[in-house]
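A quick write-up on the structure given underneath.
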Amino acid sequence: MHQSNEGRSGINKIILRAIAKALRESRLPSYVYDAPVNRVFLETSKPLDNEVRGIEHQLEQLQPSFSTPNIRYQPLTAGRFVSGLSFRRQDVIHMRRAEPLGPYSQESCVSWCHR
């Protein structure tokens, strides 16, 4: 994460722009989001929180590439705003219980489709 956040690795941006182009050209409704990160770790580990914020910032900068009517783009980790996510013991990203993502995703997609 740190190497990418310092700008020493451009491969992530190349890949994400290619994904965005493919989604735009497909014209299929698509929902692109950042993987959930354990909120407990974000709240208790300043270095991890800083690195994840760096990734989120980079993803926010790529927003224009994903800005078309058929794409819903969420650059922030769902761990910041979806409550009830449960992660494996002492694990930063591997979830034990992901059910809360279902209602969140459904609500997001329904509101997006009805605008």
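Counting from 1, the numbers follow the sequence of the chain as shown.
- A chain of hydrophobic side-chain contacts below 4.5 Å, direct or via other Ile, Leu, Val, Met, Phe, Trp or Tyr residues, connects Tyr31 to Phe81.
- Using a 4.5 Å cut-off on side-chain heavy atoms (C-beta onward), Leu59 and Leu16 make contact.
- For Ser67 (side chain) and Gln63 (main-chain N/O), no donor-acceptor pair under 3.5 Å exists by modelled atom type.
- Atoms CD1 and CG, from Ile55 and Asn12 in turn, are 8.0 Å apart once rounded to the nearest 0.5 Å.
- Surrounding OH of Tyr33 are at most 12 heavy atoms belonging to other residues, nucleotides or ligands under 6.0 Å away.
- Every residue meeting the side chain to side chain contact (heavy atoms under 4.5 Å, CB included) condition with Ile93, not counting sequence neighbours, appears here in chain and number order: Val37, Asp91.
- Of all the heavy atoms in Leu85 and Pro36, the pair that sits closest is CD1-CB, 4.0 Å.
- Put simply, CZ on Arg53 and CZ on Arg80 are 4.0 Å apart, with the number rounded to the nearest 0.5 Å.
- When the side chain to side chain contact (heavy atoms under 4.5 Å, CB included) test is applied to Ser26, the partners found at least two apart in sequence or on another chain are Leu28, Asn70.
- Annotation: the span from Met95 atom CE to Phe87 atom CZ amounts to 4.5 Å, rounded to 0.5 Å.
- Sorted by first and then second residue, the pairs that involve residues 22-34 and meet salt bridge (Lys or Arg N to Asp or Glu O under 4.0 Å), not counting sequence neighbours, are Lys21-Glu25.
- Considering only heavy atoms from C-beta on, Glu60 comes within 4.5 Å of Leu76 through its side chain.
- The salt bridge (Lys or Arg N to Asp or Glu O under 4.0 Å) pairs that include a residue from residues 38-48 number zero, where partners must be two or more places apart or lie in different chains.
- To the nearest 0.5 Å, atoms OG (Ser30) and CZ (Phe66) are separated by 9.5 Å.
- When all heavy atoms of Ala20 and Ile71 are compared, the pair lying nearest together is O-CD1, 4.2 Å.
- Every residue meeting the side chain to side chain contact (heavy atoms under 4.5 Å, CB included) condition with Ile15, not counting sequence neighbours, appears here in chain and number order: Ile11, Ile19.
- Annotation: the span from Asn38 atom CG to Arg88 atom CZ amounts to 12.5 Å, rounded to 0.5 Å.
- Under the side-chain hydrogen bond (donor to acceptor under 3.5 Å, both in side chains) criterion, Arg89 pairs with no residue at all, not counting sequence neighbours.
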